[in-house]
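In what follows, a structure is listed as structure tokens, so that the remarks can point back to it.
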Amino acid sequence: MIRFDARAPAVLLVCLAMPALQACEEEEIFTVPAAQTQNDVFSQRDAGQVDVLWVVDNSRSMAEEQDRLAGRFLDFFRQLTESKVDFHIGVITTDADGEAGALREYTGNAVNGCAANCRYISPAICEDVGRETTTCTTRIEAVFRNLITVGTDGANYERGLLAASKALGRHVDADGNFLPAPDANAGFLRDNADLYLIFVSDEDDNSHGSDAYWASRYYYRLFEGMKGAGNENKVTVSAIVGDPKSPDEIASDAVCDQWRQTGERSGIDFRVGPSNSALGCTDTSEPDRPAQARVGSKYLEVSCNSGGVFASICEDDYSSTLDRLGANAAGLRRFFKLSRRDEVDLGCDATLGTSDDPMIACGDRTAEEHGLSVCVRAVDINDTSGELKIVPQDRSQGWTFEPASGAVRFNGAFVPAPGSEVEIAYRLKTSFSNCP
């Protein structure tokens, strides 16, 4: 929900200059736009349920990547904890024949809520100690590390999309009927939960050979329909895969934006070369033996279609990637595009927080006290009062403004509470400017 509010322009009476000692003989009326304030009000989503399925490449080249995922998983889990969602987290491999979509089995020491042979992580693992305790995070990390270390003995012909369809009970037989999910997956999927798929591979998908257009379109539609007509937005696909490199070295986080700018919704070929084995980014985490990942073209297209997160598998540190994945999986919004984003007055230098910004009042603070041209008020997820409070412009404890997208992004520890409202007021540019 977005509400709009603007002040009416002021009318200025101007007396034309006349020769000395003569009174004004006439007046002209000019309409001078007053500084306008725009108020946008957004609704945060309610906390709910999410079933997270990790699909991890278990071929010979994936040992380092599995270690990085295990070592930084708490960045992902922290977002689920802060959002207070009810989660299930399971892991399968890209070996669609050998393991056929069966959830990995926990083989470590028994912990509360996940005895030996359990197949997925749930809040039950922490119900006796609380989700925000050190004991909880220690348990979660140990179980996930065990599940995500899928080994490197799997098939070198990776078919993650097919494996996921088998795990979800969406693989079809020769007559077009859905085959049931493996018995080992019982209880993982819930009818009312959102579904979040994360594919991790340094190769492209081979579920249907080299036809990237057909395969990505087919699996996108297959996953999108998991929750029934009208609930397509309850399914999201993300990917940590090899990213395409052009002569201009396209940044990883701009891949989906570049894809959307083409105007197409399906069939975009992310490949740089003539085949789906095109070389992409280079993983330098092991300097003595750098490895080059293949472009994950099919995973990328399914991810971009569904509005998920894309990250390069060649990153040396997965902390920021897993943080973004966790926020995306939790379903709570951290990114709010302003309704009149092209009109925000950021002063002559177009940068928020500099001395030439027009200032705006915020809550009980005057314009001079607030000192910014954007006023953000929200309820923090850990604030039990439920009162709207001024949120500081701060990268770790508040928000930042992104001029390119015209959006306010909540960063780090601050997450707007489920079911709350977020108010963002800002100055608009006028047609009168003193800028050079």
For side-chain hydrogen bond (donor to acceptor under 3.5 Å, both in side chains), just list the numbers for Asp75 and Ser319, CA-CA rounded to whole Å, side-chain angles, deciding distance to a tenth of an Å, and then say yes or no.
CA-CA 6 Å; Asp75 292 292; Ser319 55; 5.0 Å; no
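- Geometric assessment of Arg68 against the ring of Tyr318 yields a positive cation-pi assignment under the 6.0 Å and 45° thresholds.
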Go through the steps for Lys389 and Asp364 under the test salt bridge (charged side-chain N to carboxylate O under 4.0 Å, His left out), then give the verdict.
CA-CA 10 Å; Lys389 295 181 180 178; Asp364 57 358; over 6 Å; no
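- Side-chain atoms of Thr149 never come within 3.5 Å of backbone atoms of Asn146 as a donor-acceptor pair (strictly under, hydrogens ignored).
- Checked by atom type, the side-chain pair Tyr299/Asp205 shows a donor-acceptor distance below 3.5 Å.
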Given Ile198 and Leu325, is the side-chain contact (heavy atoms from CB on, under 4.5 Å) satisfied, shown in steps?
CA-CA 9 Å; Ile198 306 172; Leu325 282 168; 4.3 Å; yes
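- Aromatic pair Tyr196/Trp54: ring centres not closer than 6.0 Å.
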Would Ser59 and Glu158 count as a side-chain hydrogen bond (donor to acceptor under 3.5 Å, both in side chains) here? Give the steps.
CA-CA 8 Å; Ser59 61; Glu158 296 88 343; 3.0 Å; yes
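- Atoms CG and CE, from Leu197 and Met226 in turn, are 8.0 Å apart once rounded to the nearest 0.5 Å.
- Residue-environment remark: CG (Asp183) stays at or below the threshold of 12 foreign heavy atoms within 6.0 Å.
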Verdict with reasoning, Lys227 to Asp194, per salt bridge (charged side-chain N to carboxylate O under 4.0 Å, His left out)
CA-CA 8 Å; Lys227 297 297 177 178; Asp194 287 3; over 6 Å; no
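- Ring centroids of Phe76 and Phe144 are separated by 6.0 Å or more, keeping the two rings apart.
- Across Leu162 and Ser165, no two heavy atoms sit closer than the pair O-OG, 2.7 Å.
- Annotation: side chain of Arg104 is in contact with side chain of Glu99 (closest heavy-atom distance under 4.5 Å).
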Assess the residue pair Phe336 and Phe410 against the criterion (side-chain contact (heavy atoms from CB on, under 4.5 Å)); give the C-alpha distance rounded to whole Å, side-chain angles, the decisive distance to 0.1 Å, and a yes or no.
CA-CA 9 Å; Phe336 298 85; Phe410 290 93; 3.5 Å; yes
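- In this structure, Gln44 contributes its side chain and Pro416 its backbone to a donor-acceptor pair below 3.5 Å.
- Side chain of Asn185 to main chain of Ala167: a donor-acceptor pair is present (N/O by atom type, distance under 3.5 Å, no hydrogens or angles).
- No hydrogens or angles considered: nothing links the side chains of Glu423 and Asn39 as a donor-acceptor pair under 3.5 Å.
- Atoms CZ and CG, from Arg170 and Leu189 in turn, are 10.0 Å apart once rounded to the nearest 0.5 Å.
- You'll find the side chain of Tyr218 stays beyond 4.5 Å of the side chain of Val302, heavy atoms only.
- A 4.5 Å side-chain heavy-atom check between Ile360 and Thr37 finds at least one atom pair inside the cut-off.
- Under a 3.5 Å cut-off, the side chain of Glu203 and the backbone N or O of Ala293 do not form any donor-acceptor pair.
- Within the structure, every pair that satisfies the disulfide bond (SG atoms under 2.5 Å apart) test and touches residues 127-171, not counting sequence neighbours, is listed here: Cys126-Cys136.
- For the residue pair Ile381 and Pro418, the shortest heavy atom distance occurs at CG1-CD, 3.7 Å.
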For a side-chain contact (heavy atoms from CB on, under 4.5 Å) check, start with the C-alpha distance between Val408 and Val422, then their side-chain angles and the critical distance, and finish with the verdict.
CA-CA 11 Å; Val408 166; Val422 176; over 6 Å; no
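- Closest non-hydrogen pair, Lys429 versus Asp342, comes out as NZ-O, 3.7 Å.
- The environment of CG in Asn192 is sparse: at most 12 heavy-atom neighbours from other residues, nucleotides or ligands sit within 6.0 Å.
- Nearest heavy-atom pair across Glu369 and Arg365 is OE1-CA, 3.3 Å.
- Contact record, Ile148 with Ala70: CG2-CB, 3.7 Å, taken as the closest heavy-atom pair.
- Judged purely by atom type and a 3.5 angstrom limit, Arg427 has no side-chain atom pairing as donor or acceptor with the backbone of Glu343.
- If you check the side chains of Thr321 and Glu315, you find a donor sitting under 3.5 Å from an acceptor.
- Using modelled atom types, no side-chain atom of Lys166 and backbone atom of Pro182 make a donor-acceptor pair closer than 3.5 Å.
- Taken to the nearest 0.5 Å, the CG atom of Asp95 stands 6.5 Å off from the CG atom of Asp97.
- Remark: the backbone N or O of Arg340 is paired with a side-chain donor or acceptor of Tyr426 at under 3.5 angstrom.
- Side-chain contact between Ile125 and Val143 is present, with at least one heavy-atom pair separated by less than 4.5 Å.
- With hydrogens and angles ignored, the 3.5 Å screen pairs a side-chain donor or acceptor of Asp204 with a backbone N or O of Lys298.
- Note that CD1 of Ile140 and OG1 of Thr135 are 12.0 Å apart. Values are rounded to the nearest 0.5 Å.
- With hydrogens and angles left out, the side-chain atoms of Thr94 and Arg159 include no donor and acceptor closer than 3.5 Å.
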Would Ile92 and Leu103 satisfy side-chain contact (heavy atoms from CB on, under 4.5 Å), going step by step from the backbone distance to the final call?
CA-CA 5 Å; Ile92 66 171; Leu103 289 172; 3.9 Å; yes
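- The two atoms that bring Val50 and Arg190 nearest to each other are O-NH2, 3.2 Å, heavy atoms only.
- Residue pairs satisfying the ring pair (Phe, Tyr, Trp, His ring centres under 6.0 Å) criterion with at least one member in residues 80-105, sequence neighbours excluded, are listed as follows: Phe77-Phe87, His88-Tyr120.
- With a 4.5 Å cut-off on side-chain heavy atoms, Phe188 and Asp51 count as touching.
- Taken from CZ in Phe73 to CZ in Arg145, the straight-line distance is 11.5 Å, to the nearest 0.5 Å.
- Judged by distance alone, with hydrogens and angles left aside, the side-chain atoms of Ser303 form a donor-acceptor pair with the main-chain N or O of Val237 at under 3.5 Å.
- In this structure, Asp345 and Ser373 have side chains that are not in contact, with every pair of non-hydrogen atoms separated by 4.5 Å or more.
- No side-chain heavy atom of Asp57 sits less than 4.5 Å from a side-chain heavy atom of Phe199.
- The NE2 atom of His171 lies 12.5 Å from the CG atom of Leu168; values are rounded to the nearest 0.5 Å.
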For Asp40 and Gln38, what are the C-alpha separation, side-chain angles and deciding distance, and is it a side-chain hydrogen bond (donor to acceptor under 3.5 Å, both in side chains)?
CA-CA 7 Å; Asp40 292 349; Gln38 174 71 32; 3.1 Å; yes
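- At least one side-chain heavy atom of Ile424 sits less than 4.5 Å from a side-chain heavy atom of Leu338.
- At distances below 3.5 Å, not a single donor-acceptor pair connects side-chain atoms of Gln79 with backbone N or O atoms of Ala329.
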